Number of protein chains: 4
Amino acid sequence: MSIKERPKYKQIIDAAVEVIAENGFHQAQVSKIAKHAGVADGTIYIYFKNKEDILISVFQEKMGDFIRKIRAEIEGKPSAANKLSALVAMHFNQLAADQHLAVVTQLELRQSNKNIRSQINETLKDYLNIIDGIVIEGKAHGVFRETLDTRLARQMIFGTLDETVSNWVMNEFHFDLTALGKPVSELLLNGLTR
Amino acid sequence: MSIKERPKYKQIIDAAVEVIAENGFHQAQVSKIAKHAGVADGTIYIYFKNKEDILISVFQEKMGDFIRKIRAEIEGKPSAANKLSALVAMHFNQLAADQHLAVVTQLELRQSNKNIRSQINETLKDYLNIIDGIVIEGKAHGVFRETLDTRLARQMIFGTLDETVSNWVMNEFHFDLTALGKPVSELLLNGLTR
Amino acid sequence: MSIKERPKYKQIIDAAVEVIAENGFHQAQVSKIAKHAGVADGTIYIYFKNKEDILISVFQEKMGDFIRKIRAEIEGKPSAANKLSALVAMHFNQLAADQHLAVVTQLELRQSNKNIRSQINETLKDYLNIIDGIVIEGKAHGVFRETLDTRLARQMIFGTLDETVSNWVMNEFHFDLTALGKPVSELLLNGLTR
Amino acid sequence: MSIKERPKYKQIIDAAVEVIAENGFHQAQVSKIAKHAGVADGTIYIYFKNKEDILISVFQEKMGDFIRKIRAEIEGKPSAANKLSALVAMHFNQLAADQHLAVVTQLELRQSNKNIRSQINETLKDYLNIIDGIVIEGKAHGVFRETLDTRLARQMIFGTLDETVSNWVMNEFHFDLTALGKPVSELLLNGLTR
DNA sequence: CATGAATGAGAGTTCATTCAT
DNA sequence: TATGAATGAACTCTCATTCAT
């Protein structure tokens with residue numbers, strides 16, 4: 001059995017998310033994560049190379065799920081517009097359903113150093129590629145303007161979603177993120193369609 | 001003469017920007033900033049309460065300039081659309097003209113702890129208010145859709161700009177940020193106008 | 001096994017006494033104590049909350065022994081006068097037998113800050129209570145004058161002992177402290193008895 | 001005019017006593033004393049060699065007065081017993097009349113380093129000599145026991161007074177120190193007389 | 001004489017990582 | 001595999017003292 005499939009691997013990942021969400025990035029010591037996961041400090045180092053590796057793995061594991069679900073959802077959608085709406089909805093819904101994860105990815109993990117963040121960006125590329133795919137498809141099928149620069153469009157889409165979720169987290173969840181799916185989709189589509 | 005007007009105050013602020021840009025947030029020790037500014041370590045503490053205070057002041061001073069220039073530029077513009085275009089152009093141009101500052105505000109200062117970031121967000125509000133003002137004016141004058149949610153529109157605008165600059169910084173300035181002013185303005189206006 | 005029973009706990013306490021005695025309170029750095037104890041700097045902080053905690057613990061541990069031995073010695077003595085003589089003798093003998101400890105308690109630890117000294121005074125109360133007990137017993141059994149104010153008597157007894165030991169330490173041990181047991185007892189008893 | 005007679009000299013001495021009494025020894029920075037005395041930091045160093053010199057001078061100046069008054073008071077007294085009673089009364093009365101001074105000499109100045117304290121002890125010798133004189137006179141005139149060891153007697157007298165005042169200070173002046181003059185004199189005389 | 005801005009040495013504490021058991 | 005005691009490098013901040021004005 002691969003090390004990533006053994007129960008303690010996931011225990012540690014989940015403990016890391018909770019500890020970071022509850023204590024903040026700078027107060028998430030390895031020993032605290034270990035205690036939360038119910039293992040000894042040293043055990044962490046059987047499953048992870050070092051602390052950076054835990055944080056990167058947290059993002060990869062959670063982002064993997066996140067992307068998988070979005071991909072599954074948009075797969076059968078008939079048009080780029082439908083796909084974009086589905087992506088926006090899933091983006092908001094998934095984070096609304098797991099506030100701890102939202103805090104960790106939107107606020108805490110961004111306090112990490114260059115190295116971790118560059119690994120995180122690497123992982124994020126899969127998601128940005130999905131967005132790019134939708135934009136390209138939209139342009140090809142004549143739904144979006146042909147003159148649209150794909151990268152700019154993607155930056156607008158991702159930037160808007162990310163800024164919205166960050167606002168929601170920093171406002172301590174005091175508004176209904178899920179409800180924003182529809183208006184944000186419409187706003188973005190308005191900017192993209194011909 | 002107020003302490004903020006004495007020459008060493010600005011020397012230290014500028015030294016901090018350079019040291020952080022060149023070494024990264026976590027490698028920007030007070031002693032390094034002092035040496036770069038040409039003062040003794042202890043002198044730092046005549047001008048700043050502590051290290052946090054330096055970092056917050058860096059953001060406030062630089063953001064103050066940033067906002068002042070944008071405000072001056074958009075003041076006379078005839079329509080909300082013109083104002084938005086000017087804001088986008090100024091946002092990109094100012095950061096393109098000072099890559100150190102761009103690195104510090106887009107990457108490094110975001111690694112700071114909760115307290116510093118909440119002070120930074122406070123400072124940022126002035127800028128978000130300018131954007132809100134443009135959106136409200138646009139809606140009032142019938143240039144933007146009346147149904148537009150101001151907060152969502154602001155999130156789209158700021159999110160797009162921020163994501164674009166971050167991309168530029170993380171790509172190590174390998175594309176021409178200034179040149180993106182026009183297409184980004186158009187993209188955003190397309191999403192906002194009726 | 002409780003942390004106070006593990007060998008390194010006592011090693012560090014003893015190292016602290018020696019380092020303070022040899023270098024003085026203000027030159028007793030944590031790293032010096034650690035090196036003297038044969039442990040790493042960080043190990044100190046497994047056993048003690050901070051530097052203050054080391055100093056307070058030094059006093060408590062050593063004073064604990066000090067008091068325990070005196071209590072055992074005077075327990076079986078038939079009269080308050082005998083008890084007082086035994087206490088004086090033990091007080092002098094114990095400190096004469098451990099000059100390092102005498103320096104630390106009489107001179108160095110008194111340079112500590114308010115917080116440490118108030119903790120030290122707390123610990124000292126056990127000893128003052130023993131003295132009070134002897135005075136009370138002496139008055140009850142008609143050996144000491146009934147009109148004696150217990151607190152004043154205790155202040156005379158403890159003040160005399162403390163001043164004598166301090167003199168001995170400050171004269172760099174150039175007279176025989178043990179030999180003073182008898183005359184000091186007699187002097188005090190002369191002042192207390194009817 | 002000698003430097004010690006110029007007004008700022010005494011201003012600084014008095015400021016030091018107040019600052020130490022109110023803030024504690026470790027919080028009595030030179031700059032705080034300067035501000036309290038209404039002079040610039042640098043001015044301190046015109047009147048005193050360094051910080052140690054201030055502290056030693058505080059003790060010398062105040063102790064000088066203290067001793068002068070006691071000496072004047074006991075001069076005319078007919079017997080050693082009267083002299084001792086007068087000394088005890090004056091010791092308590094003077095400190096009771098100046099709580100700041102009491103705090104500084106009994107608690108705060110004792111936190112100073114070896115060097116300062118050895119200078120303080122030097123100054124104190126004048127006072128101990130007065131006590132010795134009384135003891136010697138008492139023995140010569142047959143009022144005190146001839147077998148009395150002068151040094152021990154002095155240690156008992158000074159130790160008792162010092163411990164009593166320290167208790168008073170540490171109990172935050174909650175009992176009437178002046179009232180203790182009579183019982184303490186009697187207690188001591190009881191121990192000394194034949 | 002007086003000022004006060006500037007200096008710079010010095011130490012307590014944290015925590016990721018290791019390794020003997 | 002799992003443990004957890006032990007390690008030790010690294011950095012902010014204070015404050016007595018100086019000296020140009």
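A quick note: this is a predicted structure, and the numbers were derived from the prediction, not measured.
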| message | Closer than 4.0 angstrom, basic N to acidic O: yes or no for C:Lys10 and C:Glu5? | response | no
| Distance, nearest 0.5 Å, that separates CG of A:Leu124 from CD1 of A:Ile120 | 8.5 Å
| request: Kindly say if D:Ser31 contacts the phosphate of F:dC15, meaning a side-chain N or O under 4.0 Å from OP1 or OP2. | output: no
| Phosphate-side-chain proximity, C:Arg6 and F:dG4, N/O vs OP1/OP2 below 4.0 Å | no
Which nucleotide in [options] has an atom nearest any side-chain atom of [X]:
X: B:Thr43; options: E:dT7, F:dC13, E:dT17; answer: E:dT7
X: C:Asp41; options: E:dA11, E:dT13, E:dT17; answer: E:dT13
X: D:Ala40; options: F:dT12, E:dT17, E:dT3; answer: E:dT3
X: B:Val39; options: F:dT17, E:dT7, E:dT3; answer: E:dT7
X: A:Ile46; options: F:dA6, F:dT3, F:dA16; answer: F:dT3

| query | Closer to the 5' end of DNA chain E via nearest nucleotide, is it D:Ile3 or C:Lys49? | reply | D:Ile3
| When the nearest nucleotide of DNA chain E is assigned to D:Lys8 and to B:Gly42 on a heavy-atom basis, which residue is associated with the more 5' position? | D:Lys8
| In whole angstrom, what separates A:Ile44's CD1 from E:dT17's P? | 11 Å
| request: Report the distance from atom OH of B:Tyr45 to atom P of E:dG4, rounded to the nearest whole Å. | output: 24 Å
| query | Under a 4.5 Å cut-off applied to non-hydrogen side-chain atoms, are C:Phe25 and C:Leu55 in contact? | reply | yes
| query | Side chains of C:Gln27 and C:Glu22: closer than 4.5 Å at any heavy-atom pair? | reply | no
| query | So A:Tyr9 and A:Phe48, would you call those rings parallel, tilted or perpendicular, with 30° and 60° as cut-offs? | reply | parallel
| message | Defining pairs by Watson-Crick or G-U wobble geometry with both distances under 3.5 Å, how would you list the stems of DNA chain E with at least three pairs each? | response | E:2-21 with F:2-21
| message | Within the 4.0 Å heavy-atom criterion, would you say C:Tyr47 contacts the bases, only the backbone, or no part of the nucleic acid? | response | sugar-phosphate
| request: With sequence neighbours excluded, give me every side-chain hydrogen bond (donor to acceptor under 3.5 Å, both in side chains) pair touching residues 35-45 of chain C. | output: C:Glu18-C:His36
